[in-house]
Protein chains: 2
Amino acid sequence: MDLFLSTFEHRVDKKGRLSVPAPFRSVLERRRDPLYLFKSLTEPCLEGCGPERIGQIVDAIDSMDSLSAEVATLQTMLSSAQEMKLDSEGRIMLNADFMAFAELNDAALYAGIGRSFQIWLPDRYRGREAEARARAKTNGLPSLRLGRTNSTSSDNGGS
Amino acid sequence: MDLFLSTFEHRVDKKGRLSVPAPFRSVLERRRDPLYLFKSLTEPCLEGCGPERIGQIVDAIDSMDSLSAEVATLQTMLSSAQEMKLDSEGRIMLNADFMAFAELNDAALYAGIGRSFQIWLPDRYRGREAEARARAKTNGLPSLRLGRTNSTSSDNGGS
DNA sequence: TGGGATAATATGGGATATCATGGGAATTGA
DNA sequence: TCAATTCCCATGATATCCCATATTATCCCA
């Protein structure tokens, strides 16, 4: 199982080019997957993933009532999605819409979150991370009790 | 079942390299597991584990409401997680973020805690250990509830 | 049981490969 | 033709590989 993990901060040069982190590239290359980006529905960042996630959204729409508000929401995701072509150095070009949506200027932060990743304005991301850590300290960690596999009386993964 | 146990103090050289204790390495090699590190959510240390714990977090996210604060917390864990590649001498390279988070400089202490381990600034770890022992003397031991093999309804092991 | 031989381990340094990044030239499209 | 992209190459920084060495642990045989 290869995942998008860790964070990387890269520069956006004056031509608008942005390197995709080498570990993310190798995940995609290993699967021979193109890269898709779309605007997050809930946060001011871009989401990156491979085709399987796009396919999941399409399938979800097909299985839902086409008049529901949820379908409209999912369609919004798809209509902002774009297949990104990498240049020979592994960089993508962000169009003006993407740049404005995430409020990027000369730097971008990739945050791997497993099956997908996000692209943030670096300072904004770090603020969110600090908030999440503060919350975890006061509220405790989410319980990860998945009950499957060899879950014994293991204590939390954090701490 | 082989576990991460005991403590080891190793040097961080000027290139940022840190030997993984041989007993920890052999646990991972025996399971053919890569090593993952991430920043603890609650303490100033790094956490080390195998892929199964990372997979649990990914699966938990998928099964939760993507707008919840808990998902944000779990995503914070993933976005600090990193698959560590060992060099031919069994060392990892700690990036600047990891070093700064745990406030490491030229030495690091591994503390095995069963299914995972932690990496601490040595003096800080020893201080915490002394505190824990003092607490045990005044408050008594936590009940250990031994003798239950793989309980199904495992209660919160979290202390 | 003792003690020398042997292997494993932690650590360091130099050489090499990879990566992010920038810039110029060629190409495309309106 | 002009502007914007795409291709290609250069470069500095950094990670990775490979080898050396000191120290410690393990083995083996007298």
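Letters A, B, ... are given to chains in the order of the sequence lines, protein chains preceding strands, and every chain is numbered from 1.
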Whole angstroms only, please: what is the [atom1]-[atom2] distance between [X] and [N]?
{"X": "B:Asn95", "N": "C:dA20", "atom1": "CG", "atom2": "P", "answer": "14 Å"}
{"X": "A:Asp87", "N": "C:dG24", "atom1": "CG", "atom2": "P", "answer": "17 Å"}
{"X": "A:Asp106", "N": "C:dG22", "atom1": "CG", "atom2": "C1'", "answer": "14 Å"}
{"X": "A:Lys85", "N": "C:dT28", "atom1": "NZ", "atom2": "P", "answer": "14 Å"}
{"X": "A:His10", "N": "C:dG22", "atom1": "NE2", "atom2": "C1'", "answer": "15 Å"}
{"X": "B:Met93", "N": "C:dT18", "atom1": "CE", "atom2": "C1'", "answer": "14 Å"}
{"X": "B:Arg91", "N": "C:dT11", "atom1": "CZ", "atom2": "P", "answer": "9 Å"}

Are the side chains of [Y] and [X] in contact, using a 4.5 Å heavy-atom criterion?
{"X": "B:Met84", "Y": "B:Pro34", "result": "no"}
{"X": "B:Glu43", "Y": "B:Arg128", "result": "yes"}
{"X": "B:Lys39", "Y": "B:Asp97", "result": "yes"}
{"X": "A:Pro44", "Y": "A:Trp120", "result": "yes"}
{"X": "B:Arg25", "Y": "B:Leu86", "result": "yes"}
{"X": "A:Glu9", "Y": "A:Arg126", "result": "yes"}

Does anyone know the first and last nucleotide of DNA chain D in reach of chain A, 5' to 3', at under 4.0 angstrom to a heavy atom?
D:dT6 to D:dC9
Within residues 12-33 of chain A, the residues having a heavy atom closer than 4.0 Å to DNA chain C are A:Asp13, A:Lys14, A:Lys15, A:Arg17, A:Ser19, A:Val20, A:Pro21, A:Ala22, A:Arg25
Supply the atom-to-atom distance A:Ile92 CD1 to A:Leu18 CG, rounded to the nearest 0.5 angstrom.
5.0 Å
Please determine whether a side-chain nitrogen or oxygen atom of A:Arg11 lies at a distance below 4.0 Å from atom OP1 or OP2 of C:dG22.
yes
Check the angle between the aromatic planes of B:Tyr110 and B:Phe117 and answer parallel, tilted or perpendicular using the 30° and 60° thresholds.
tilted
Minimum heavy-atom distance B:Gln82-A:Ser6, with the two atoms named
OE1-OG, 4.0 Å
Under a 3.5 Å cut-off for both distances, is D:dA30 Watson-Crick or wobble paired, and to whom?
C:dT1
